[in-house]
There are 2 protein chains.
Amino acid sequence: MAHAVTLEALRVLEAIEQFGSFAAAADALYKVPSALTYTMKKLEEDLGVSLFDRSRQRAVLTPAGRLVLDKGRTILDAAARLEDSVKQLESGWEPKLRIARDTALPELPLLTVVGAFLAQNRPVQISLSEEAIAGAWDALQDDRVDLVVGASGDLPKGRFHTRPIGELEFVFTVAPTHPLALTEGPITAAQLREHPSIVVADSTKILPQRDSGLFESRQVLRVDNMMSKVQALCLGLGVGYLPRHFVDHEVMSGRLVIRECELPRQNHMSYIAWRKDDPGRGLSWFIEALAAQDWQLLKAE
Amino acid sequence: MAHAVTLEALRVLEAIEQFGSFAAAADALYKVPSALTYTMKKLEEDLGVSLFDRSRQRAVLTPAGRLVLDKGRTILDAAARLEDSVKQLESGWEPKLRIARDTALPELPLLTVVGAFLAQNRPVQISLSEEAIAGAWDALQDDRVDLVVGASGDLPKGRFHTRPIGELEFVFTVAPTHPLALTEGPITAAQLREHPSIVVADSTKILPQRDSGLFESRQVLRVDNMMSKVQALCLGLGVGYLPRHFVDHEVMSGRLVIRECELPRQNHMSYIAWRKDDPGRGLSWFIEALAAQDWQLLKAE
DNA sequence: GGTAGTATTTCAAAAATATTGAAGGCCAAT
DNA sequence: ATTGGCCTTCAATATTTTTGAAATACTACC
């Protein structure tokens, strides 16, 4: 057979893995188990590999099966997106719009904009997700999202369009109960090393951990989003820089104090970014709306 | 119908576009034209769009058809690679290995290594291509190649493994007949502006042109590889920096002269780079062989 | 350790889908 | 106008997929 794999076979494979058995998958697909057996047998035969270990009752994926499943998923994804693109071509509205927010940005402004969009009752499904550090770029890169809010850092421009939305300002904070809350003068690098620091880890799965807090601390606690970092700081588990807009409220309520630190953290420009495909009407609307939104950052330009 | 597209339909679509007509595609696919009509009709029906404009004798793609074709191609590609990965899983040898060389690197060392590989008679098809500037990274990114030799510049590390192979040294050259060949002292920025410069353009399709020669010249001639640049320089069409190893031979034969220039061009480190998938035995072999090869660069480290 | 229950496969029959070839229409070039 | 090439339609045919019943094998539970 010239070409082994079919989307149908990949779908069946995915369902089997997802539902845990041929029988369950057959139910979900409104088919009969033997139909799945047939499809999988054929795929195995055509690929010349066995995809399942059938030595026991419950069929379990072989490494080859896992490989085909993993790569197959991205193919199925791409196929689904193809269908979406076609729909977009008709109305101009994309059926789905996936938006990621960098964890350093406040959630409220985004939700406000999303609310305004939903009120228009467009045929566009919105998905929101949160990314940290380079994760936002990666998500865009890998076509896991269509629009990123708050991406920053060394931007892999070129394949993306970007638009600055403001500058993130970081302040060094500790809990009022923390030893470093009471010391005199700016906190030194030496003092820092004496205390754990809280760091938001890169949400990228692929990257070797690259951290946002850069100082070398005796111990580092990694969390995967900014709210966790705020919590950890408030509890006095460690010290670290926070975006200013996160801090104000906590300082007011006495849960955190701002200190000066010898190792300053650069401000960085925050962007919205999207892929250089032709944007649907939904994406275009969001770009404008998000750019006009107040993100509680230092003014852009 | 739940899911419209099938790989088979995409293949047919691609063949029709490639061979220019239903009839020719049918021939190529060893089918009869009406079979293709049937497949395409079904795809159109399922997608709810017409893919061909049939108002005239020869069916021609509609914009929707073009869209499906373009996106479909990458899906077909991915499917083909899936099958290759499965084969790789058995023997360890990947069926195909696509290697890109940055145009700033000499071709000979690569060909030497490739020769040594071919002599081993492995079941691996090698494809070579040439990229300029960021094109190499993009090719890797987009999965158009598996291994890049000579990538440099701000490297989007993280999702790639890299290994330095040496430092590229650039020297400013002009033809002996060129007016700037005879001036006194280092060439100034002002003098530069008086003459066209030859620039290797980014081979990336997506990026807005980003050039490797950075000075502002009155006029810029863009070429897409280093050999063209050498030719253009030898002909005295303009001036520009060249990697040293390209220059030696031309200087010996009197076709170029080296001048000093006020706007120096930084050396940059050259890398081999590959994706962080599990490498096949072919890729592993090449990584070692290429790293051990003498690239006529300044020594790495 | 037997047994009921569940999971998968096998197989032949039935259903659905794809392919074929002949016929027809239409365009374009001679 | 005529001819030849290109695409579609349609009914017949071939192929592929689905089904359900029976067979086999494993698990877990008494």
Side-chain angles (χ1 to χ4, degrees), chain A residues 1-62 64-66 68-69 72 76 79, chain B residues 1-62 64-66 68-69 72 76 79:
Chain A
M1 218 134 284
H3 284 291
V5 326
T6 65
L7 296 180
E8 192 47 31
L10 294 178
R11 262 177 220 122
V12 169
L13 179 59
E14 189 181 30
I16 292 171
E17 130 86 21
Q18 185 184 343
F19 295 101
S21 74
F22 278 57
D27 261 8
L29 297 174
Y30 302 107
K31 295 191 177 174
V32 105
S34 56
L36 306 200
T37 300
Y38 169 84
T39 308
M40 290 299 99
K41 265 252 144 77
K42 186 154 142 49
L43 181 59
E44 288 179 309
E45 201 168 295
D46 293 349
L47 285 173
V49 202
S50 61
L51 268 18
F52 296 95
D53 173 6
R54 296 167 166 88
S55 66
R56 251 156 302 123
Q57 180 183 194
R58 200 171 209 92
V60 49
L61 285 174
T62 61
R66 176 65 51 190
V68 173
L69 177 62
L76 290 176
Chain B
M1 217 136 283
H3 284 290
V5 323
T6 65
L7 295 181
E8 192 48 29
L10 293 179
R11 262 177 220 120
V12 169
L13 180 60
E14 188 181 31
I16 292 171
E17 128 89 19
Q18 187 183 343
F19 295 102
S21 74
F22 277 58
D27 262 8
L29 296 174
Y30 302 106
K31 295 192 176 174
V32 103
S34 56
L36 307 201
T37 299
Y38 171 84
T39 309
M40 289 299 97
K41 265 249 143 79
K42 187 153 143 48
L43 181 59
E44 289 179 308
E45 201 167 297
D46 293 349
L47 285 174
V49 201
S50 61
L51 267 18
F52 296 95
D53 173 5
R54 296 166 168 88
S55 65
R56 250 157 301 124
Q57 178 184 194
R58 200 171 209 96
V60 48
L61 284 174
T62 60
R66 175 65 51 191
V68 173
L69 176 62
L76 290 175

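Letters A, B, ... mirror the listed sequences (proteins, then strands); counts begin at 1. A quick note: this is a predicted structure, and the numbers were derived from the prediction, not measured.
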**OP:** May I ask you to verify if any side-chain N or O of A:Lys41 is less than 4.0 angstrom from the OP1 or OP2 atom of C:dT8?
**Re:** no
Original post:
Excluding sequence neighbours, so at least two apart, what forms ring-ring contact (aromatic ring centres under 6.0 Å, His included) with A:Tyr38?
Top reply: none
Original post:
Less than 4.5 Å apart, any side-chain heavy atom of B:Thr39 and any of B:Thr6?
Top reply: no
Original post:
What's the CZ-C1' distance between A:Phe19 and C:dT8, to the nearest Å?
Top reply: 18 Å
Original post:
Just by modelled atom types, is the B:Gly65 backbone N or O under 3.5 Å from a matching donor or acceptor in the B:Thr62 side chain?
Top reply: yes
Original post:
Given atom CD of A:Glu45 and atom C1' of D:dT17, what is their separation to the nearest angstrom?
Top reply: 14 Å
Subject >> Note, A:Val5 side chain near A:Asp46 side chain (heavy atom, < 4.5 Å) >> reply: no
Original post:
Within this structure, what is the CG-to-P distance between B:Asp53 and D:dC7, rounded to whole angstrom?
Top reply: 12 Å
**OP:** Classify every nucleotide of nucleotides 18-30 of chain C by which part a protein heavy atom approaches to under 4.0 Å, writing B for the base, S for the sugar-phosphate alone and - for neither, in 5'-to-3' order.
**Re:** BBBB-----BS--
**OP:** Would you please test B:Leu7 and A:His3 for side-chain contact (heavy atoms from CB on, under 4.5 Å) and show each step?
**Re:** CA-CA 9 Å; B:Leu7 295 181; A:His3 284 291; over 6 Å; no
**OP:** Would you mind checking if A:Arg11 and A:Glu8 are paired as a salt bridge, meaning a charged N to carboxylate O distance below 4.0 Å?
**Re:** yes
Original post:
A:Arg58 CZ to C:dA7 P: how many Å, rounded?
Top reply: 6 Å
**OP:** Rounded off to whole Å, could you give me the CZ-to-C1' distance for the B:Phe52 and D:dC6 pair?
**Re:** 13 Å
Original post:
Rounded to the nearest Å, what distance is computed from the CG atom of residue A:Leu29 to the P atom of nucleotide D:dT19?
Top reply: 10 Å
